[in-house]
Structures are given as C-alpha cells and as structure tokens.
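Here it is, the structure, as structure tokens.
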Number of protein chains: 2
Amino acid sequence: MESSRRGPYAKGVAKREEILTQALTVVAERGVQDTSVKAIADAVGLSPAGVLHYFSSKEELFTEVLRKRDEVDSQRVAGLDWGGLGEASGSGEPIDVASARKQFVELLESNSDVPGLLRLFTQLAAEAADPEHPAHGFFRERGELFRSLFAAVFAQHNRDHGRTRVDPEVAARMLQALADGLQLQALLEPDVDMAGIADAFFDAVLGD
Amino acid sequence: MESSRRGPYAKGVAKREEILTQALTVVAERGVQDTSVKAIADAVGLSPAGVLHYFSSKEELFTEVLRKRDEVDSQRVAGLDWGGLGEASGSGEPIDVASARKQFVELLESNSDVPGLLRLFTQLAAEAADPEHPAHGFFRERGELFRSLFAAVFAQHNRDHGRTRVDPEVAARMLQALADGLQLQALLEPDVDMAGIADAFFDAVLGD
DNA sequence: GTCTATACCTAGATAGAC
DNA sequence: GTCTATCTAGGTATAGAC
C-alpha cells in the first residue's frame, strides 16, 4: 500500500544495538584479527549476511563498535564527564584543571583493562589513515574534540599561574600523542604504568 | 650423503634480500592493506608460493620488512648513528644531548615522508600485542633499545645540569610514547608538525 | 522490513611435481 | 628453488522467503 508508514523498525534498532554490544564483547575477547563477521553473527544468532543487513561492511561495523565504546566509556569511568568539560571550555566558567587531569588518567587506566578494545582502537586508527576508510572521520573528529578540550584545560592552567610553559595547543597534541603511544606500549607490555607516566607528563608540562 | 654441506644457498640469500627490498617499495607505495603476497611476488618475478618459500607466512615477511626498514633508516638519515649512541651509553664517554635530540627529530621527519611504512609499523605494532605474533619480540626489543638509549641521554642531561626534572627512565618512556602517538596522528592528519611538537617536548622535559 | 541461503571472489597456505 | 594445483577461510552481493 501507499500508506506503508507503520514502521516496525523498533525491533531492527534493538537488533542493531545488540549486534554492537555483542561485537564489543567478541572483539574484546578474541582481538580484531580473529573476529570474523561470522563470529559476531554466531554470537548474536544471525547469519553473516544477516549482520551485514545492518552494516554495509565489516569496517563500518567496527567503526560503530568504536563509537559504542566511547559511549560506554563515558559512563563506566567514575566521575568522567566529557560533556561537562566541553561545555565549560565554551563558556566563561573556569575549568577545574586538577579534575580534568584526574579524569584523563582514570580513562587511561580503564582503557588498559580491555586489551582487545585497545587493539581494535589502535589498528583501526592505523587503517583509517585512508580518507576513504569509514572510520577516518570518526578519528579526526575525536582527535579534534580531545585537543580542544585539553587545550582549554592547559590554557586555564596558564591563566591560573600567569605563565606559559608550553603553548596550550601544542600541549594538547602532546597529551594526545602520549595517550595513544602509551596504549601502544601497553599492548606490547601490559605492565606499563600508564597512569604514572601520564602523571609525570602533567608535572613536567604544568610545572611542579 | 652425510657431507651434504655444499650449500648452494648464495642465490637463495640474494633472492630473499631482493624480496624484502621490493616488498619495502610495494608497501611504501600502496600501503599494507593493498599489499598482497601476490603483489610482492609480481614485483619480484615469482609466484606467491615462490615468495612463501622464503618466509613462513605473510606476517613474518612483513616483520622482516620492518627490520629491513630499521637498517635502511639508520643509513638514510643524515648523521644518524644509533650504533654510536648505543656504545656511548655503555661506556663512560659523555653523550652529546643536543645531537641525540637532533637525530631523533630528523628520524621522526623522515618517517613521516613514507606513510605506507608508517602504517605498516603502527598496524603491525598493534597486531604484535599477541605474544605469538612473529613481530612481538621485534617490537619489544626495539622499544627496550630505544628507551635505554634515551634514558642515557636524559641521565646525561641531568648530570650536565645538576638536577632531575624528570626521571630518565620515565622520560624515555614518554618520548617513545610521544613518537608513536605522533606517528599515529600523522597518519590521520598528514600536516601535523611532528618535529615542532617533539621539540616542544624536549624543551618542557629538559627545562629551557 | 528482516533475514537466510547461495554463490562468488579474493587471498593465504600447503602438497607435490619438476 | 620454484611452479601449478588445490584447499580453506572469509567478506560481499544477490535473490528471495517470511
């Protein structure tokens, strides 16, 4: 009929969510390499084609898994509040530098608890170098958000202390690089004290 | 015969080298994703099976390519001399901190010129998280070498200036993370000023 | 709109001939 | 030392069942 507007896609949306959640689990357990579309399909009780009904390709699926992880992260870490941080940077309110620093270190630690996802993140980031890759935009935007957030934090610190040790934009880039690099190290040597290194970095950049 | 030791493997060794050299070129041009064993085989005038006669798997081949790149790097960068740096750190001779810093930045810049290899490096590093991966040992050893080298550099700086701003071991780890992270960023945004960021880092850690 | 079955294609790996 | 042939696994496109 023409009036085919009774959209029964509530179920579809739910299924899509379920696929993402399960994929998150499977990837965390087995790593990206060993996660086929079939493995995800099995976990969710579908055929591979059934899964690809919701995502145009495996790469896009993984990209969405990453988005999902970002959501989960922001709820899992106690006291983490990217949103609030973002707002504060836009408005005139002063930013709590110590709190931002603490949140960042906590986020680092929580990441290292799930090596499978760390691997997904790093590998996809490398693959997303290609502008055609579905995750390319995701990573660029994520990086920009991260840097603008922490550039604001560093700028606040400079105001508080009346000096500029390191340019806030540069410091934000350094922090981003440090975080990504530490995660790479943690993949190879799970014992790395990421929080300790990150703390030392803040000390060095902010001045003791 | 027992004395079957007349090894006609001079040719084999040469061919193996040729495969590595060609693979280096192919990967640099097309990126890891688009480099199949067949592509390398074509470049070197063999069949895929012919190539895999020399390497037990594609992963192992790529690992060797990375090793090869490390060799090439140390010759390509003007004035770079890891060997000398390593020796100096072992002996009692003082290390030229400024020179080490300069070499490091130059190496960073030269790396960013070849995104294909950058990607190979980063992706393989992520995959090598698995202890079973052929590149696992390579990356761990490489990281340890890097850190011991630069820990010595930072220690020397501390001696020269009679103070300890950051623990040398910690600083070395930070530098390694920064380098890896910057390369990741450079993959997504080719315009990143890696050398500038790295320089700012040295300024912050060494003290102006 | 949701999903299965099927078929197809690429690619890494292996066996055995030369 | 190298090739041909073959096996297997996995991603993707299509047709059509429900």
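Within every chain, numbering begins at 1; the chains are lettered A, B, ... in the order of the sequence lines, protein sequences first and strands thereafter.
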Candidate nucleotides dT2(C), dT4(C), dT14(C), ranked by approach to the side chain of Ala49(B) - the nearest
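The listed nucleotide nearest to Ala49(B)'s side chain is dT14(C).
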Expressed in angstrom and rounded to an integer, what is the separation of Asp42(A) atom CG from dG10(D) atom C1'?
13 Å
Would you tell me if any nitrogen or oxygen in the side chain of Lys58(A) comes within less than 4.0 Å of OP1 or OP2 on dG11(D)?
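For Lys58(A), the contact criterion (side-chain N or O under 4.0 Å from OP1 or OP2 of dG11(D)) is met.
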Aromatic contact, Phe139(A) with Phe121(A) (centres under 6.0 Å):
yes
Closest to side chain of Ser57(A), choosing from dA5(C), dT12(D), dT14(C):
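For Ser57(A), the side-chain atoms sit closest to dT12(D).
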Classify the ring geometry of Phe104(A) against Phe202(A): parallel below 30°, tilted from 30° to 60°, perpendicular beyond 60°.
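If you compare the ring of Phe104(A) with that of Phe202(A), the planes turn out perpendicular.
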In whole Å, I'd like the distance from the NE2 atom of His53(B) to the C1' atom of dT4(D).
16 Å
His133(A) side chain to Glu127(A) main-chain N or O, any donor-acceptor pair under 3.5 Å?
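Between the backbone of Glu127(A) and the side chain of His133(A) there is no qualifying donor-acceptor contact (under 3.5 Å).
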Nearest-Å distance, CG (Leu46(B)) to C1' (dC3(D))?
10 Å
Starting at CG of Leu52(B) and ending at P of dA11(C), how long is that distance when rounded to a whole Å?
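The distance from CG of Leu52(B) to P of dA11(C) comes to 14 Å, rounded to the nearest Å.
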Nearest-Å distance for atom pair NZ/P, residues Lys38(A) and dA9(D)
11 Å
Once you round it to whole Å, what is the distance between C1' of dG10(D) and CG of Leu61(A)?
15 Å
Just the rounded figure in Å: distance from P of dG11(D) to CZ of Phe62(A).
8 Å
Pick base, sugar-phosphate or nothing for Ser36(A), based on heavy-atom distances below 4.0 Å to the nucleic acid.
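Sugar-phosphate, no base atom in range.
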In whole angstrom, what separates Glu18(B)'s CD from dG1(D)'s P?
14 Å
Could you check Arg69(A), Arg16(A), Lys58(A) and say which one makes a salt bridge (charged side-chain N to carboxylate O under 4.0 Å, His left out) with Glu64(A)?
Arg16(A)
